[in-house]
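Note that ligands are numbered from 1 as they come in the structure, with each ligand's atoms numbered from 1 the same way.
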Amino acid sequence: MNRIDLHTHTNFSDGSFSPTDLVELANKQGLDSLAITDHDTTDGLSEALEASKDLSLELIPGIELSAQFQNREMHILGYFINLTDPKFQTRLETLRSTRMESIRHILNRLHTLGIEILLSEVEQAGGTGTIGRPHIAQVLIAKGHVQGLKEAFERFLGVRGKAYVQRAVPEAQEIISWIIDAGGIPVLAHPYWEGLNKEDSIAACQTLAEQGLQGLEVFYGTFSASQISFNLGLARRLDLLMTGGSDFHGTLKPDIALGKGRGSLHVPPKVMERLRQATGRQNVNHSNPRS
Ligand SMILES: [Zn+2]
Ligand SMILES: [Zn+2]
């Protein structure tokens with residue numbers, strides 16, 4: 001059996017597992033291919049590559065970046081990026097500093113709502129990694145302001161929450177070009193065409209493809225069969241690669257299991273074949289010796 005999960009987070013961003021523990025879990029569960037796609041950082045990948053060195057598990061270096069496109073925020077995954085590309089790393093540093101700015105804004109909003117949370121408390125929750133809203137949520141829970149993650153996002157941190165701050169992120173075209181510049185394959189994460197009819201979603205996706213997008217995350221941890229078939233049709237129509245993953249975050253998204261999502265995730269082996277072929281076509285010099 002071939003088992004693939006190309007979308008996971010470690011404690012270098014908002015997951016709860018260390019890269020080593022995640023690799024070990026994936027190996028124990030019999031996964032053949034695992035991509036680690038932390039937000040705005042590739043810093044966990046050297047540890048993960050080291051941990052997977054003597055395993056049959058194939059570790060694919062990845063990342064997940066936020067982007068703006070037609071007034072909505074979307075996430076773009078990058079696979080097989082060259083981790084030592086200095087320009088890419090500088091670009092990631094810029095992203096991380098704007099991320100910190102938005103965290104400060106959120107804490108200010110919470111302050112005006114009478115909730116005192118220090119940046120240092122959020123940083124402590126985030127450990128060594130990129131900090132994000134889930135870490136603010138953890139502090140909100142620890143201080144008794146909310147019962148759980150869901151309430152933290154509904155009341156405060158989510159788009160409709162009282163302390164929501166929209167983070168300024170680069171345009172999709174820019175993010176796509178950063179990934180390509182670093183030798184990677186840009187793939188639209190969890191494509192969800194909220195508010196768009198079929199024709200408009202096709203047009204939007206076509207524009208992204210013209211900007212250099214090479215794939216769609218057709219198979220996703222929480223997608224229904226109809227969402228999968230819609231994105232499958234879109235990928236076929238626009239001749240885009242298909243990828244798939246759970247978006248595993250460990251205990252920070254307890255309903256999502258590694259390799260399984262909510263239970264029915266299945267990423268076909270063909271996905272990996274095509275992804276490898278694509279890197280071959282591009283002649284990518286990536287850091288995983290076994291793929
Ligand atoms: Zn995402
Ligand atoms: Zn993700």
TODO: Please work out which of the three classes, parallel, tilted or perpendicular, describes the rings of His39 and His9, given edges at 30° and 60°.
DONE: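 Geometry flag for His39 against His9: parallel rings.
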Open item on the list: Would you say CZ of Arg237 has more than 12 non-hydrogen atoms from neighbouring residues, nucleotides or ligands within 6.0 angstrom?
Closed with: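 Counting neighbours around CZ of Arg237, 12 or fewer heavy atoms of other residues, nucleotides or ligands fall under 6.0 Å, so no.
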Open item on the list: For the backbone of Glu73 and the side chain of Ser66, can you confirm whether one donor and one acceptor N or O come within less than 3.5 Å of each other?
Closed with: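 Checked: no pair found.
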TODO: Apply the test salt bridge (Lys or Arg N to Asp or Glu O under 4.0 Å) to residues Lys260 and Asp5: give CA-CA distance (whole Å), side-chain angles for both, the deciding distance (0.1 Å), then the verdict.
DONE: CA-CA 8 Å; Lys260 299 190 190 106; Asp5 194 332; over 6 Å; no
- [ ] For Phe156 and Tyr164, run ring-ring contact (aromatic ring centres under 6.0 Å, His included): C-alpha distance rounded to whole Å, both residues' side-chain angles, the deciding distance at 0.1 Å, then the answer.
- [x] CA-CA 6 Å; Phe156 300 111; Tyr164 178 72; over 10 Å; no
TODO: Apply side chain to side chain donor-acceptor pair (under 3.5 Å) to Glu154 and list each qualifying residue two or more places apart in sequence or on a separate chain.
DONE: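 Side chain to side chain donor-acceptor pair (under 3.5 Å) list for Glu154, sorted by chain: Lys150.
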- [ ] Run through the protein N/O/S atoms less than 2.8 Å from the Zn ion (ligand 2) and write them out by chain and number.
- [x]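 The answer is His7 NE2, His9 NE2, Glu64 OE1, Asp247 OD1.
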